[in-house]
Trainee: 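A single structure is presented below for examination.
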Amino acid sequence: MVPSTATSALDELRDALSETAAELRGERPAPSQAPTLERPPRAELGDYSTNAAMLLAPVLKAAPRQIAEQLGEGLVARLGDQLDHVEVAGPGFLNVFLADAWYADAVARVLAAGDAVGAGEPGEAGPLRINVEFVSANPTGPLHVGHARNAAYGDALSRLLSFLGHEVHREFYVNDNGSQVRKFGESLQAHGRGEPPPADGYQGDYVAEIAAAIGDAGDGDPEAVARRGIELMLERLRTTLATFRVDFDTWFSERDLHVGEPSAVQHAFDVLAEQGRTYRHEGALWLRTTEFGDDKDRVLERSSGEHTYFASDIAYHQEKRERGFDRLVDVWGADHHGYVRRMHAAFEALGGRPDELDLLIMQFVNLVDRGERTSMSKRRGDFVSLDELIAEIGVDAARWYLLNRSHDTTIDLDLELARRETNENPVYYVQYAHARIASILARAGEDAVAEALARFAPPARLEPAERDLIKKALAFGTEVAEAAERRAPHRIAAYALEFAQTFTAFYRDCPVLGAQPEGVEAFRLGLCVVSRRIIGRSLGLLGVSAPESM
RNA sequence: GCGCCCGUAGCUCAGUGGAUAGAGCGCCCGCCUCCGGAGCGGGAGGCCGAAGGUUCGAAUCCUUCCGGGCGCGCCA
């Protein structure tokens with residue numbers, strides 16, 4: 001009989017625990033902190049461990065260890081032969097030792113979940129419409145490694161949120177308006193005429209290439225040259241990003257915010273004015289961001305009548321709100337962090353709720369040369385481009401390298417080292433485990449695997465490596481949920497590596513093909529299928545390929 | 001001066017209230033009759049920047065300080 005997949009075995013364990021705790025508590029208030037149910041640091045401390053008794057102690061005014069005893073009795077009564085035994089340890093931990101029957105049931109449910117393993121529920125609020133805006137590099141130059149990090153992160157986050165069932169819209173905000181664009185046009189034009197670029201203009205081979213592609217860049221309207229140059233640059237960005245496995249649903253033009261009657265910018269001003277958030281001072285239009293925690297009010301429209309960049313950004317966020325998203329996620333570079341507070345303030349001034357806007361800051365990628373940090377300057381054409389990074393170490397290694405770390409730590413990238421370490425990159429270890437499983441399953445043959453899944457049944461006695469593998473597999477759903485909630489795709493990379501290591505230990509200790517006695521091979525083939533799905537999914541969430549062979 | 005991020009093994013980094021702080025790389029010692037050795041086992045290596053505080057319990061939360069990075073415009 002196939003067990004229900006509605007809840008995981010781990011969820012049921014958690015439920016049994018909280019029911020027991022509620023019973024002990026009676027009418028008294030629940031502790032402010034939710035109890036943990038996690039794998040203890042050492043195997044002799046059980047399969048799972050909870051701190052529930054220690055949290056209940058102040059509420060029940062009793063000794064933690066005594067409460068743990070009672071919790072243990074309750075669990076024994078509820079779980080029956082699924083439980084081997086419980087132990088009270090240390091200051092009041094309750095350590096749970098599960099029977100093989102529990103593992104067998106748990107892994108059968110994971111197997112039954114198929115490709116949805118780990119997907120879980122989108123959350124209490126249900127599926128959300130989420131707009132993720134990322135990269136948004138100025139279209140006046142190629143993407144460098146900083147953009148690469150932003151791209152890998154925004155993409156992986158989008159994949160995570162989609163996997164959890166949210167409706168994700170990926171967006172690139174194109175800064176095709178303002179002085180940078182004019183400067184770009186002037187640089188192209190100078191090149192077209194064979195003149196040196198303006199003092200603060202753009203340099204680098206790509207400027208010459210774009211100028212050549214335009215053909216008559218030297219003549220005509222500088223603004224038209226700039227616009228054409230940006231179109232060509234955007235094509236390049238799109239190509240590079242596609243190679244990096246990053247796609248966008250919308251490329252949103254900043255210029256569009258200024259056209260129409262009323263323009264989006266004017267409309268945003270109206271919305272703010274209706275709420276009494278703006279005022280005129282010395283000929284300029286100001287927004288009262290100080291009412292929402294900013295340290296000074298900000299100018300929206302200069303006394304000259306021109307709009308500030310901030311005004312565009314506000315109009316853009318209002319436009320996204322009106323498109324009906326439940327959440328707006330912006331992935332910004334570290335150089336924009338000073339901008340976060342005022343953007344939040346403006347968002348609230350527009351009438352948005354603080355939790356509807358998520359502003360995430362990516363820390364820098366520093367280029368390191370022989371231990372010294374070097375700077376990246378786009379105008380000097382002096383930087384490592386995403387294209388170069390891909391050419392040097394490949395998409396998989398590059399994405400892993402950039403996603404392996406938390407978004408709020410700076411990364412030192414020594415290209416020399418990265419190139420040398422390519423073969424040592426743990427991503428290959430994970431991919432190798434995937435390929436190895438694929439090889440085992442291929443050897444077994446499709447029919448044998450299908451039959452194994454059909455008559456999947458646990459053996460009388462589980463090997464330790466089998467139990468470890470199942471435990472690791474059961475953790476996948478929690479890992480995915482936490483990675484999404486904390487906006488931390490790097491957790492998936494860490495999990496994938498650990499899972500691959502756990503599988504490799506299983507592979508070492510437990511022969512799959514030809515395993516005896518009867519039924520063991522089928523059971524282990526089932527474990528292989530689960531493992532392949534989990535590794536494949538983990539890599540997929542990171543945008544890294546999961547090869548059948550290497 | 002003010003604000004944000006960071007400080008954990010030789011290096012690069014995980015670890016946002018639990019037990020003896022982990023991984024990868026590097027280093028040392030072992031291991032191929034066996035489903036893929038891009039591997040496996042073992043070892044050395046830590047005052048978690050410093051000092052106070054909160055807590056039964058702190059790398060984790062609070063305060064101050066030190067160090068590094070990045071910002072702080074009617075620029076974009």
Side-chain angles (χ1 to χ4, degrees), chain A residues 33 36 38 40-42 44-45 49-51 54-55 57-58 63-64 89-93 95 138 140 175 177-183 254 281-286 295-296 298-313 333-342 361-364 366 368 371 373 401 404-414 417-418 420-421 423-433 435-444 486 488 490-491 493-495 497-498 501 504-505 507-515 521 524-525 528 549-550:
Chain A
Q33 212 178 326
T36 56
E38 57 191 5
R42 293 188 306 284
E44 63 266 30
L45 297 176
S49 166
T50 179
N51 63 355
M54 289 181 283
L55 298 177
F93 290 104
N95 295 333
N138 280 327
T140 51
N175 293 293
N177 198 42
S179 62
Q180 298 298 326
V181 173
R182 196 173 56 246
K183 230 169 268 174
E254 181 193 347
H281 177 64
E282 291 180 355
L285 182 68
W286 296 72
D295 38 14
K296 55 174 289 195
R298 306 289 171 176
V299 171
L300 300 178
E301 188 182 86
R302 291 172 212 140
S303 39
S304 68
E306 289 178 315
H307 298 145
T308 60
Y309 180 79
F310 189 40
S312 298
D313 244 358
D335 53 341
H336 281 65
H337 75 254
Y339 207 67
V340 169
R341 187 169 295 180
R342 85 183 65 160
I361 296 299
M362 302 299 299
Q363 291 302 318
F364 269 42
N366 294 305
V368 176
R373 286 188 174 169
Y401 194 91
N404 200 9
R405 297 149 162 81
S406 160
H407 68 87
D408 54 17
T409 188
T410 54
I411 294 180
D412 285 349
L413 175 64
D414 184 331
L417 193 65
R420 233 185 312 130
E421 283 183 348
N423 289 321
E424 308 300 335
N425 192 318
V427 73
Y428 295 109
Y429 180 91
V430 179
Q431 290 182 315
Y432 187 76
R436 175 183 266 159
I437 299 170
S439 167
I440 293 171
L441 294 174
R443 259 173 178 271
R486 296 183 187 183
H490 73 279
R491 284 174 163 261
Y495 173 82
L497 181 59
E498 286 166 19
Q501 286 169 329
T504 302
Y507 169 82
R508 180 192 66 225
D509 295 343
C510 303
V512 176
L513 301 178
E521 183 186 271
R524 289 180 181 169
L525 281 173
C528 286
S549 67
M550 295 176 70

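Each chain gets a letter, A, B and so on, in the order its sequence line appears, and its residues count up from 1.
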Trainee: Classify the side chain of A:Asn404 and the base of B:A23 as holding, or not holding, a donor-acceptor pair under 3.5 Å.
Mentor: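 Flag unset: no donor-acceptor pair detected.
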Trainee: If we ignore hydrogens and angles and just use 3.5 Å, is the side chain of A:Thr50 paired with the main-chain N or O of A:Thr36 as donor and acceptor?
Mentor: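 Yes, because the side chain of A:Thr50 sits within donor-acceptor range (under 3.5 Å) of the backbone of A:Thr36.
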Trainee: Could you spell out the base pairing of RNA chain B in dot-bracket, with Watson-Crick or G-U pairs whose two distances are under 3.5 Å, [ ] crossing and | to another strand?
Mentor: (((((((..((((....[...)))).(((((.......))))).....(((((..]....))))))))))))....
Trainee: Can you tell which of B:G37, B:U20, B:C35 lies closest to the side chain of A:Arg42?
Mentor: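 The answer is B:U20, which lies nearest to the side chain.
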Trainee: Checking all strands, does A:Gln501 fall into the base, sugar-phosphate, or nothing category for heavy-atom contacts under 4.0 angstrom?
Mentor: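 The answer is sugar-phosphate, as A:Gln501 gets under 4.0 Å only of primed atoms, P, OP1 or OP2.
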Trainee: Between B:A19, B:A14, B:A76, which nucleotide has the shortest distance from any of its atoms to the side chain of A:Arg302?
Mentor: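 Side chain of A:Arg302 sits closest to B:A76.
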Trainee: Taking the side chain of A:His490 as its heavy atoms from C-beta onward, which of B:C40, B:C5, B:G15 lies nearest to it?
Mentor: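 When the side chain of A:His490 is considered, B:G15 is the closest of B:C40, B:C5, B:G15.
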Trainee: Over all strands shown, is A:Asn177 touching base, sugar-phosphate only, or nothing at heavy-atom distances under 4.0 angstrom?
Mentor: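 Result for A:Asn177 = sugar-phosphate.
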Trainee: Answer yes or no: side-chain N or O of A:Asp335 and base N or O of B:G71 forming a donor-acceptor pair under 3.5 Å.
Mentor: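 Between B:G71 and A:Asp335, which were checked side chain against base, a qualifying N/O pair under 3.5 Å is absent.
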Trainee: Nearest to the A:Gln363 side chain among B:C5, B:G18, B:C74, which nucleotide is it?
Mentor: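 When the side chain of A:Gln363 is considered, B:C5 is the closest of B:C5, B:G18, B:C74.
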Trainee: Does the base of B:G69 carry an N or O that pairs as donor and acceptor with the side chain of A:Thr410 under 3.5 Å?
Mentor: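 Result: no qualifying N/O pair found.
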Trainee: Report the nucleotide, chosen from B:A76, B:G18, B:A14, that has the shortest atom-to-atom distance to any side-chain atom of A:His336.
Mentor: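 Nearest to the side chain of A:His336 among the choices is B:A76.
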Trainee: Between B:A23, B:C4, B:C35, which nucleotide gets closest to the side-chain atoms of A:Arg341?
Mentor: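 Of the options given, the side chain of A:Arg341 lies nearest B:C4.
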Trainee: Using a distance-only criterion (donor-acceptor N/O pair, under 3.5 Å, no hydrogens), is the base of B:C13 paired with the side chain of A:Thr409?
Mentor: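 Side chain to base: no pair present.
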Trainee: Choosing from B:A14, B:U20, B:A38, which nucleotide comes nearest the side chain of A:Ser406?
Mentor: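 Taking heavy atoms from C-beta onward, the closest nucleotide is B:A14.
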Trainee: Determine whether a donor-acceptor pair (N or O, by modelled atom type, separation under 3.5 Å) exists between the side chain of A:Asn425 and the backbone of A:Val427.
Mentor: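 Answer holds: yes.
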Trainee: Output yes when at least one side-chain N/O atom of A:Arg182 is less than 4.0 Å from OP1 or OP2 of B:A76, else no.
Mentor: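 The answer is no; no side-chain N or O of A:Arg182 sits under 4.0 Å from OP1 or OP2.
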Trainee: Can you identify which nucleotide, out of B:G36, B:A76, B:C35, has its nearest atom closest to the A:Met550 side chain?
Mentor: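 Nearest nucleotide to the side chain: B:G36.
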Trainee: Return no unless some side-chain N or O of A:Arg508 is found under 4.0 Å from OP1 or OP2 of B:G41.
Mentor: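 The answer is yes; a side-chain N or O of A:Arg508 sits under 4.0 Å from OP1 or OP2.
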Trainee: Considering only B:G37, B:C75, B:A19, which nucleotide approaches the side chain of A:Tyr507 most closely?
Mentor: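 Comparing B:G37, B:C75, B:A19 against the side chain of A:Tyr507, the answer is B:G37.
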Trainee: Any side-chain N or O of A:Tyr429 below 4.0 angstrom from OP1/OP2 of B:C25?
Mentor: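 Result: no.
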Trainee: Taking the minimum atom-to-atom distance to the side chain of A:Tyr432, which one of B:C70, B:G37, B:A19 wins?
Mentor: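 When the side chain of A:Tyr432 is considered, B:G37 is the closest of B:C70, B:G37, B:A19.
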